[in-house]
Amino acid sequence: MGDQPLRSDKAGELRVADEGRQVRLAGWVASRRDLGGVYFLVIRDASGRVQVVIDPQADPAAGEIAKDLRDEYCVAVTGGVRRRPEGTANPDMPTGEIEVAASQVTVLSPADPLPFQIDDRSEVDETRRLKWRYLDLRRPRMAANLVARSRGVAAMRRSLERQGFMEVETPTLIRSTPEGARDVLVPSRLRPGSFYALPQSPQLFKQLLMIGGVERYYQIARCYRDEDFRSDRQLEFTQLDIEGSFWGRDDVLEALEQVIVEVLGDLRGIHLETPFPRLTYRESMDRYGTDKPDTRFGMEIRDLGAVFAGTGFRAFAGILDSGGVVRGINAGPRGLSRSGLDALGEIAKGAGAKALAWFVVEEGGTLRSPVAKFLGEAEVAGLVETFAAVPGDTLLVVADDAGVVAPALDRLRRHVGHPDPDALRFLWVIDFPVFEKAADGSLAPAHHPFTSPHDVDEMGSDPEHALSHAYDLVLNGSELGSGSVRIHDPAVQRRVFEILGIADEEAESRFGWFLEALRYGTPPHAGFAVGIDRLVSILQGEPNIREIIPFPKTQTGADPLTQAPTGASAEQLAELGLAVVGEAAGEEAGGADPAG
RNA sequence: GGGGGCGUGGUGAAGCCUGGAGUUCACGUCGGCCUGUCAAGCCGAAGAUCGCGGGUUCAAAUCCCGUCGUCCCCGCCA
């Protein structure tokens, strides 16, 4: 050994062209087959795997070591590359034409019996995978996901560097600006009783960079939001954050389209057509009932107001008279039983609708439905025509306030739709409203208060209809990210705070440092942030972002591997001027490392 | 905060509804045989407080209550 390099070649890269070469491999024992007079090993490293043959007759020493090898031993192998004997090539392996005849085998590090097998043959309980995540990362699925993530991020950097962006880091210990999501707080030792927050996004810092003359900024930014977990949400996650000066919305969208094209070219080997479709928020709500439509399938929402204008069906008439809407989708040929249709009704109710009216189109254009008897001939014909329905189609109709009908039809549509799992439908949703209506009917800001409204006067006079320069990127029904044109005029910013009900003094105390910055010649600027975990998880066909994160946390914020979070020692708490009180105080702070 | 699913040798599953001896299957582990295998094969063995606590019962993996862990969804995520 000594000065000799541990490895001369990567296991997965050996080919027939290497025949006759002496090579030195290092990797893990992926499998060992003992045929009684000859051993076959499969050696795996990050590049792939290759078969190694050990002949104890020719090499008694190597044979002795091979006898004791077990799965996942870390080993070094020296030997000659040779073509496999006639008829023994393995077409399923890229290295299947050759094998390495070992002359020397060294155990670099033995391995205990494994808590689960290193292959993708069976689903292993996720908590177990996370507890031994370093072993899970050796499995093909996770290894491939790490590679995909790395290549995706590299493609983003490549595209942005080519477009003249500069990567700048922003702090992760920042002032808390309690808006939106809950902050993750970090206590300060030097100022006991004071706290930093971890950034929910680099929002204000990237705007300061614009004021600082950076003009084209990007960052692969870790973000923290202390809200409940979902399959697409973790306590910490990663965004591609970008911002540009002297820029408008279309500049942002076009720059990002180039980034996405670069990523897809690398990860999927396809060239996406640009520009991506753009829907206004209004259009998206009308056609799909959501601001993140899955356009991999049709079933668009149709408005039936004209069909039922003056209807004798009192349920519909009453709703239309009081300003509600009657809308529906053609769910296509479902062949559903009564109970299946009732189950759809439950889905609609679960989304807030009072009822679902279903119609099955029969031969001759008549409708089978509990409410068919209330409808006139013209209404039946109108329904069939509006949905371009053919016999066998199931029509699902909801009548209520528009704000109730949209989510109900959205949920129904997603439930009955059959999206092509291989399709990738990127689109932009633009012109979001400034405010969205909460469940209780009150108006709440839909975006952060630095988002530029189309017209700040309209924002004050007609808040319900005011639009903002905010936009989202959507892929296959998932929100990948959002951005906006920012306010660069301090006067406008003050008006916006005012309209949002944030008093001058409050704005001053929370954001004074930022408002002052706006006063020193702020360039018009706009930007965006893309959820990298979400993007890669969809491209990898993974059901959740934990598969894309090397060391994720469980739904309760725990890490099964390290057991984080833990309590803190009395010494740590004392230094920080903190005391644990209430129920939490009863729990043992045993996990803390007193040596800290 | 709410609704739902899951928890059975090291791993994955079946068993649970309809209670009756820790029963079954595949993988892994350990030992033996085997000189061209590649999810090697064949033979044999070991390995479990059925997540935990309580209750019902003559009897609980199974039924009930609680609890812990985990996953999915609603709320929440400017």
Side-chain angles (χ1 to χ4, degrees), chain A residues 30-44 49-58 63 67 70-72 84-93 95-96 99 101 111-132 135-136 139 177-183 200-201 203-204 223-235 237 347 350-352 407 411 414-415 432 434-436 438-439 443-451 468 470 479 482 484 496-497 500-502 531 543-544 546 552-558 560 563:
Chain A
S31 73
R32 165 183 169 278
R33 295 181 285 277
D34 174 1
L35 270 64
V38 62
Y39 296 94
F40 292 99
L41 304 180
V42 173
I43 299 300
R44 182 196 70 242
R49 38 185 77 201
V50 70
Q51 173 164 288
V52 170
V53 191
I54 299 169
D55 179 357
Q57 254 88 58
K67 183 162 66 70
R70 294 294 180 270
D71 281 356
E72 298 305 313
R84 292 198 192 184
E86 192 69 32
T88 63
N90 183 349
D92 296 331
M93 288 173 81
T95 61
E99 62 192 8
D112 285 350
L114 301 162
F116 52 81
Q117 284 161 262
I118 309 298
D119 58 41
D120 285 342
R121 268 188 281 164
S122 57
E123 253 342 87
V124 178
D125 175 75
E126 193 175 346
T127 313
R128 262 181 270 272
R129 291 173 57 203
L130 294 182
K131 181 163 182 183
W132 290 279
L135 296 179
D136 193 36
R139 302 168 88 211
T177 50
E179 288 284 328
R182 224 174 266 116
D183 276 333
Q200 296 179 25
S201 78
Q203 184 59 37
L204 293 179
C223 305
Y224 305 83
R225 292 181 193 175
D226 192 3
E227 296 295 340
D228 287 356
F229 286 54
R230 284 293 162 75
S231 59
D232 61 353
R233 292 180 352 206
Q234 282 266 313
L235 180 60
F237 60 100
I347 288 170
R411 205 175 291 183
R414 282 184 289 121
H415 186 261
F432 272 75
V434 174
F435 297 99
E436 59 194 1
L443 292 178
H447 293 86
H448 60 65
F450 315 103
T451 302
S468 67
E479 181 195 324
S482 59
S484 63
V496 166
F497 276 134
L500 293 177
I502 302 175
N544 64 66
R546 295 184 302 279
K553 287 165 187 58
T554 66
Q555 216 160 58
T556 54
Q563 309 274 279

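Predicted model only: the values in this text are computed from it and were never measured. Proteins come first, then strands; the chains are lettered A, B, ... in the order of their sequence lines, and each starts at number 1.
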Checklist entry - So, is A:R129 close to the B:rC71 phosphate, meaning a side-chain N or O under 4.0 Å from OP1 or OP2? => result no
Checklist entry - So what does A:R233 hit on the nucleic acid, given a heavy-atom distance under 4.0 Å: a base, only sugar-phosphate, or nothing? => result base
Checklist entry - Just checking A:T88: base, sugar-phosphate only, or nothing, at a heavy-atom cut-off of under 4.0 Å? => result base
Checklist entry - Between A:R33 and B:rU37, is there a side-chain N or O to OP1/OP2 distance below 4.0 Å? => result no
Checklist entry - Does A:R128 put a side-chain nitrogen or oxygen below 4.0 Å from OP1 or OP2 of B:rG12? => result yes
Item to check | Watson-Crick or G-U wobble partner of B:rG36, both distances under 3.5 Å | outcome: none
Next on the checklist: Under 4.0 Å, counting only non-hydrogen atoms across every strand here, what does A:A89 touch: a base, just sugar-phosphate, or nothing?
Outcome noted: base
Item to check | Complementary nucleotide of B:rG66, counting Watson-Crick and G-U pairs under 3.5 Å | outcome: B:rC52
Checklist entry - Does A:R70 have a side-chain nitrogen or oxygen under 4.0 Å from the phosphate oxygens OP1 or OP2 of B:rC30? => result yes
Checklist entry - Which is true for A:P85 with a 4.0 Å heavy-atom rule: it touches a base, it touches only sugar-phosphate, or it touches nothing? => result base
Checklist entry - Contact class for A:V42 vs. all strands (heavy atom < 4.0 Å): base, sugar-phosphate, or nothing? => result nothing
Item to check | Rounded C1' spacing from B:rA14 to B:rA61 in Å | outcome: 13 Å
Checklist entry - Which part of the nucleic acid does A:Q51 contact within heavy-atom distance under 4.0 Å: base, sugar-phosphate only, or nothing? => result base
Next on the checklist: Quiz question: going by heavy-atom distance under 3.5 Å, is there a donor-acceptor pair between the base of B:rG36 and the side chain of A:E86?
Outcome noted: no
Next on the checklist: Under 4.0 Å, heavy atoms only, any strand: does A:T451 hit a base, just the sugar-phosphate, or nothing?
Outcome noted: nothing
Next on the checklist: Of the options B:rA40, B:rC34, B:rU35, whose atoms approach the side-chain atoms of A:D34 most closely?
Outcome noted: B:rC34
Next on the checklist: What's the gap between B:rA60 and B:rG53 when it is taken at their C1' atoms, as a whole Å value?
Outcome noted: 15 Å
Next on the checklist: Please tell me if A:Q555 has a side-chain N or O lying less than 4.0 Å from either OP1 or OP2 of B:rC72.
Outcome noted: yes
Checklist entry - Which is true for A:Q234 with a 4.0 Å heavy-atom rule: it touches a base, it touches only sugar-phosphate, or it touches nothing? => result nothing
